[in-house]
Amino acid sequence: MGEASETHTGWTFLTSHARVLAAIAEDRRTRIRDIAVRCRLTERAVQKIISDLEEDGYLTHTREGRTNAYRIRPGTILRHPAEAGMTVDGLLSALAQQDAHQDAHQDARRDAPLALPRERDSDSAR
């Protein structure tokens with residue numbers, strides 16, 4: 001789930017909670033500092049979001065040495081009534097599919113041959 005390359009102002013479709021959950025889904029041993037950079041949040045905000053997710057049963061963590069290992073509870077139902085019946089796993093799968101599609105599109109653009117401007121035929125230009 002790719003990192004945003006630009007700053008953004010205004011509202012967005014995904015909440016910070018969804019972004020943090022997606023970052024953890026990608027790397028269950030990710031550090032709060034790395035989540036904060038990726039999601040463009042403060043470390044304190046990420047800590048609060050992780051606390052919210054754990055409190056409501058979406059996430060647990062265990063200590064592994066000096067780091068935390070997170071476990072997402074994939075069958076947990078999303079909170080908003082409009083998403084009644086949709087699970088965390090469904091949300092993360094949709095986000096992962098979008099990321100895979102976006103990555104493939106970026107790879108195709110990167111691998112495409114560079115189109116050079118065509119030189120005009122001097123005879124046809126006259």
Side-chain angles (χ1 to χ4, degrees):
M1 295 175 206
E3 192 173 313
S5 61
E6 303 173 6
T7 58
H8 183 275
T9 59
W11 65 274
T12 63
F13 283 98
L14 294 179
T15 67
S16 296
H17 285 65
R19 292 178 192 282
V20 168
L21 196 61
I24 291 170
E26 192 169 289
D27 179 2
R28 68 182 210 98
R29 288 184 179 88
T30 190
R31 299 178 307 170
I32 287 176
R33 175 181 305 159
D34 297 329
I35 296 170
V37 169
R38 176 181 172 166
C39 297
R40 297 182 181 234
L41 299 167
T42 65
E43 290 181 36
R44 189 163 180 87
V46 171
Q47 288 172 333
K48 171 69 171 116
I49 289 168
I50 288 173
S51 176
D52 290 346
L53 292 170
E54 285 185 312
E55 187 176 305
D56 287 342
Y58 292 91
L59 185 68
T60 61
H61 79 274
T62 56
R63 199 77 177 145
E64 292 184 358
R66 293 176 41 183
T67 62
N68 287 323
Y70 298 97
R71 183 177 159 272
I72 294 171
R73 298 186 58 208
T76 308
I77 304 295
L78 299 182
R79 291 171 46 121
H80 197 280
E83 289 103 28
M86 184 174 191
T87 63
V88 168
D89 191 44
L91 171 67
L92 294 173
S93 293
L95 293 174
Q97 286 176 359
Q98 174 58 31
D99 277 352
H101 174 75
Q102 190 173 16
D103 290 346
H105 183 68
Q106 288 174 347
D107 289 345
R109 282 190 300 178
R110 184 178 52 244
D111 295 340
L114 182 60
L116 299 174
R118 292 183 357 184
E119 290 184 29
R120 283 198 265 170
D121 184 347
S122 58
D123 292 333
S124 64
R126 293 184 191 158

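- In this view, R63 satisfies the salt bridge (Lys or Arg N to Asp or Glu O under 4.0 Å) rule with no residue, not counting sequence neighbours.
- With sequence neighbours left out, R44 forms a side-chain hydrogen bond (donor to acceptor under 3.5 Å, both in side chains) with no residue at all.
- Checked against side-chain hydrogen bond (donor to acceptor under 3.5 Å, both in side chains), D52 has the following partners two or more places apart in sequence or in another chain: H17, K48.
- Between the CD1 atom in I72 and the CG atom in L53 there is a gap of 8.5 Å [rounded to 0.5 Å].
- In this structure the side chain of L41 reaches within 4.5 angstrom of the side chain of V20, judged on heavy atoms.
- I32 contributes atom CD1, which lies 11.0 Å from atom OG1 of T67 (distance to the nearest 0.5 angstrom).
- For residues 72-96, the pairs satisfying side-chain hydrogen bond (donor to acceptor under 3.5 Å, both in side chains) are D56-R79, with sequence neighbours left out.
- No option in I49, V46, L21 other than V46 meets the side-chain contact (heavy atoms from CB on, under 4.5 Å) test with I35.
- Partners of R31 under the side-chain hydrogen bond (donor to acceptor under 3.5 Å, both in side chains) rule, at least two apart in sequence or in another chain, are D34.
- In plain terms, the two heavy atoms of V88 and Y58 that are nearest each other are CG2-CD2, 3.2 Å.
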- Query: Which is it for L14 and L95 under the side-chain contact (heavy atoms from CB on, under 4.5 Å) test, yes or no, and what are the steps along the way?
  - Reply: CA-CA 10 Å; L14 294 179; L95 293 174; 3.8 Å; yes
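- Smallest separation of non-hydrogen atoms from R38 and A23: NH1-CA, 3.7 Å.
- The side-chain hydrogen bond (donor to acceptor under 3.5 Å, both in side chains) search around Q47 returns none, not counting sequence neighbours.
- Nearest heavy atoms, Y70 versus I24: CB-CG2, 3.4 Å.
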